[in-house]
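Report on one structure; see the data block that follows.
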Protein chains: 2
Amino acid sequence: MDLDAVRTFVAAADAGQFQEAAAALSITQQAVSKRIAALEKDLEVRLFTRTARGAQLTVDGQALLPHARELLRVEKRADASVRPGRRALRVDVVSRRIAPAVLLQDFHRMHPEIELDVVALLRADVDEAINAVEVGTIDASFHAVAPQQHLPDAVRTARVIDEPHQLLVGPRHALANADAVTPAQLVGHRIWMPGIPPGTEVAGYFDELAAAFGLTIDFIGPVFGNEALLAEIADSSELATLVGERTRYLWPDSYDLRRIPVRDPALVYPLSLIWRDDNPHPALAEFRDYLRTRRPNPPNTEVWTPTWAQWAAPRS
Amino acid sequence: MDLDAVRTFVAAADAGQFQEAAAALSITQQAVSKRIAALEKDLEVRLFTRTARGAQLTVDGQALLPHARELLRVEKRADASVRPGRRALRVDVVSRRIAPAVLLQDFHRMHPEIELDVVALLRADVDEAINAVEVGTIDASFHAVAPQQHLPDAVRTARVIDEPHQLLVGPRHALANADAVTPAQLVGHRIWMPGIPPGTEVAGYFDELAAAFGLTIDFIGPVFGNEALLAEIADSSELATLVGERTRYLWPDSYDLRRIPVRDPALVYPLSLIWRDDNPHPALAEFRDYLRTRRPNPPNTEVWTPTWAQWAAPRS
DNA sequence: GGCGAGCCACAACCTTGTGTTGTGTGCATA
DNA sequence: TATGCACACAACACAAGGTTGTGGCTCGCC
């Protein structure tokens, strides 16, 4: 199916005649006729009934029309996702399942007119992300940024989310019925966080967390996907994992998994936005405004963050 | 943007190298290289970084990939909407705002795997619809079908929805705060139903309704679209209109419109499904099953239907 | 009823595009 | 350093798609 033919089809359907469509597309009437004929031949249906004063959609044509329009819309969005200068705002999230992605969904709901592209540079480390932001291939990225992190001149960071963790356990787990737990209560329980590549900022976070409270946190084990992890936890009386408070997992209700808040202190993952100060993208300013004005729920408990993140309190 | 190029891009991204993608598409590696190069030139970005052992997506490529896949999905659906023999189930509704359309949405939620196309043969009368069903350009149609209606041999009809009307009024209307109204109470109030073409089955219904209860029902007035009608009603202390119970209109909350049930008797619009008995489309059987098994809310009041519809009670 | 206007289809022709074959280049690996 | 692998470039052939020119059909008008 040729998109030029589809465009021509829509133009002809709107105009009600080939002649006018041809004028609108700056081609001859014969070219329109040819394109439509080719499309009809390709689809093996008649799309228009030709009359002496125009062309009228057949039922098949009527059925195709909305799909054709959708096709052109998607093409436009695809184009807008990459074309330099006027492409959509491109924001990098480490994973689609953690808080920044949820935030972006919310932003999109509030500003549906703003073209937005969420990419996940899987396992990209902070330096890679900073580099991508400096070069301009992405407009913004969410990462845990340490204060000693070296930043190029034009690149800025700001702490924007403090995401508290919750314990995720199956119904047979010893803590399954707790209303809340403290990190001290987690000592001796096995916490499983598979799929976190060693040496990354995320691994570093959990390493320091384990050391600070004497916890047992395992990164080992092959990753069979999220679904497998959840199934494992659902069945186990020992395994548990940590998930962000705002993350949205989908799992069968039958798993009967429970999210249990962690407090005294809450285990907070501090995330910063990375962006380039002289990036002229209008949507970037909008997005930063959105981040600035939204009210984070203030935690009503002590919080723990890694030492490198204690240099500055999160904006409240 | 050329869809073949997009297809090639996706194949190359999946394969991780041009060579394998070429094999999958049954063309030469050089052709793949050319297509990708053309796409890159068209979009003015580099999509792959070429290395000695394959091609890897750039960030721009990663951003484009989901859009590209979506484009191919939509193309497939567009194709499926018309291609004879294996096209989607095509169901005709008089309007997207009335009960059958709502029913189809529900059916789609229950069977998302079934390709479904809802077309609105605007102002088509029953004969036209029956003809389209017989010819096979549509698979099923919802209409009010009178018993004396002539049907071709293979065409069947069955009464499937009895849609009760509700009164839609603005906050300043005399009946705005009623919990329910009877047709008798509507005498003297002006009911406005613009946009119904005279001579159609719908107009006939309201004509008989007006005659039966002595109501004032206006069809006159230019149609400025639904939005205009709703705005008019919201402001008026006199105007009201009738809407189906299951219809879903969207209007600003600020309008403060109220839907008021009509009872003793309820004003029911009887709708039948029209289909061709020997239509082999598997989804048609599914849809008829769905219609058969769903439980209509039995009205707990007397009902009024036009005389021609009183030949048979709706299936309960 | 004849005739012109409007609209679409068909034919001929030409340009452009797109696939193939053949060859070159760069990089990783042995 | 030699070899294999993967992609790019060049030359060529053929197909696709656009334009101009023309004919047929239908509708409205004199």
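No experiment lies behind these values; they were computed from the predicted model shown. Here is how names work: the chains are called A, B, and so on, in the same order as the sequence lines, proteins then strands, and each is numbered from 1.
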Could you run down the sub-3.5 Å N/O contacts of the protein with nucleotides 8-13 of chain D?
{"from": "D:dA8", "atom 1": "OP1", "to": "B:R50", "atom 2": "NE", "distance (Å)": "2.2"}
{"from": "D:dA8", "atom 1": "OP1", "to": "B:R50", "atom 2": "NH2", "distance (Å)": "3.1"}
{"from": "D:dA8", "atom 1": "OP2", "to": "B:S33", "atom 2": "OG", "distance (Å)": "2.4"}
{"from": "D:dA8", "atom 1": "N7", "to": "B:Q29", "atom 2": "NE2", "distance (Å)": "3.3"}

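Looking at every heavy atom in both residues, B:A15 comes nearest to B:E20 through CB-CB, 3.8 Å. Across all their heavy atoms, A:L47 and A:E40 have their closest contact at N-OE2, 2.7 Å.
Under 4.0 Å is where a charged nitrogen must lie from a carboxylate oxygen, and between A:D277 and A:R156 at least one such pair does. With respect to B:D153 and B:R276, no salt bridge is recorded, no charged nitrogen being found less than 4.0 Å from a carboxylate O. Ion pairing between a basic and an acidic side chain is recognised when a charged N comes within 4.0 Å of a carboxylate O; B:R7 and B:D4 show such pairing.
Closest to the B:Q19 side chain, of the nucleotides D:dT20, D:dC7, C:dA28, is D:dC7.
One atom, CD1 of A:I36, and another, P of C:dC10, lie 14 Å apart when rounded to the nearest Å. A:I27 has its CD1 atom 14 Å from the C1' atom of D:dA16, to the nearest Å. Going from atom NZ of B:K41 over to atom C1' of C:dT18 covers 14 Å, rounded to whole Å. One atom, CD of B:Q56, and another, P of C:dA28, lie 12 Å apart when rounded to the nearest Å. Atoms CD (A:Q17) and P (D:dC27) sit 15 Å apart, rounded to a whole Å. Look at CG on A:D42: it is 11 Å from P on D:dG17, rounded to the nearest Å. Rounded to an integer number of Å, the gap from A:D2 CG to D:dA15 P is 19 Å.
Among the heavy atoms of the strands, none lies under 4.0 Å from A:A38.
For B:T51, no side-chain nitrogen or oxygen approaches OP1 or OP2 of C:dC27 to under 4.0 Å. The side chain of B:R35 places an N or O atom within less than 4.0 Å of a non-bridging phosphate oxygen (OP1 or OP2) of C:dG19. OP1 or OP2 of D:dT19 lies within a sub-4.0 Å distance of a side-chain N or O belonging to A:T28.
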(Q) Run B:D117 and A:H67 through side-chain hydrogen bond (donor to acceptor under 3.5 Å, both in side chains) and show every step you take. (A) CA-CA 10 Å; B:D117 249 320; A:H67 296 277; 2.8 Å; yes

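Annotation: B:Q56, atom CD; neighbour count of heavy atoms from other residues, nucleotides and ligands within 6.0 Å does not exceed 12.
Ring geometry for A:F219 versus A:F206: interplanar angle over 60°, hence perpendicular rather than tilted (30 to 60°). Taking the six-membered ring where the residue is Trp, A:F142 and A:F287 present perpendicular rings, their angle passing 60° and hence far from 30°.
Nearest-nucleotide positions on DNA chain D place B:A52 closer to the 5' end than the other of B:A52 and A:A52.
Non-hydrogen atoms lying under 4.0 Å from DNA chain D are contributed by nothing in residues 3-15 of chain B.
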